[in-house]
Amino acid sequence: MQVGDLVKRYLETYQNGKIVERAVYGIILEKGYRDLNMRVCFYTENYGTFWVPFERLEVMSASR
C-alpha cells in the first residue's frame, strides 16, 4: 500500500434501526512516521481526511 493508491473502506451506519455498511473511496496521501500501520486518506463524498489503520483499507488501484 503506497501513497497515491485508490482504496476502499467500509463504514457502518444506522438506518431504520439496522446497521448498514457502505463503501467510501479515497486516496492515500501519506504513511505514518511513528506508527507505520497508519495511513492518511482523503475520501470522496465530502467525508474528509483521516488517519486510518491499513488493515481497514482495501486497495482498488495501485499507483505506479
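Hydrogens, waters and symmetry mates play no part in the numbers below; they use all other heavy atoms, side chains included.
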In Å and rounded to the nearest 0.5 Å, what is the CE to CH2 distance from Met38 to Trp51? 7.0 Å
What distance do Leu6 atom CG and Tyr25 atom OH have between them, rounded to the nearest 0.5 Å? 8.0 Å
Report the C-alpha distance between Val40 and Ile28 in whole Å, list the side-chain angles of each, state the deciding distance to 0.1 Å, and finish with yes or no for side chain to side chain contact (heavy atoms under 4.5 Å, CB included). CA-CA 6 Å; Val40 173; Ile28 295 179; over 6 Å; no
Working note: Tyr43 + Arg9, criterion side chain to side chain contact (heavy atoms under 4.5 Å, CB included); need CA distance, chi angles, decisive distance, verdict. CA-CA 9 Å; Tyr43 293 101; Arg9 178 181 179 194; 3.4 Å; yes
Let me see the working for Tyr10 and Glu58 under side chain to side chain contact (heavy atoms under 4.5 Å, CB included), right down to the final yes or no. CA-CA 9 Å; Tyr10 289 100; Glu58 178 183 342; 4.2 Å; yes
Does a sphere of radius 6.0 Å around CZ in Phe50 hold more than 12 heavy atoms from other residues, nucleotides or ligands, not counting ones at 6.0 Å or beyond? yes
Check which hydrophobic residues are tied to Tyr14 through side-chain heavy-atom contacts below 4.5 Å, counting indirect links as well, and list them. Ile19
Closest non-hydrogen atom pair between Leu57 and Cys41, with its separation: CD1-SG, 3.6 Å
Any chance you could lay out the side chain to side chain contact (heavy atoms under 4.5 Å, CB included) test for Ile27 and Asp5, step after step, and finish with the verdict? CA-CA 6 Å; Ile27 296 175; Asp5 287 354; over 6 Å; no
Do Arg39 and Val3 have side-chain heavy atoms sitting under 4.5 Å apart? no
Just verifying a value: how many Å separate Glu21 CD and Leu11 CG, rounded to the nearest 0.5 Å? 9.0 Å
Here the gap from Gln2 atom CD to Lys31 atom NZ, rounded to the nearest 0.5 Å, amounts to 6.0 Å
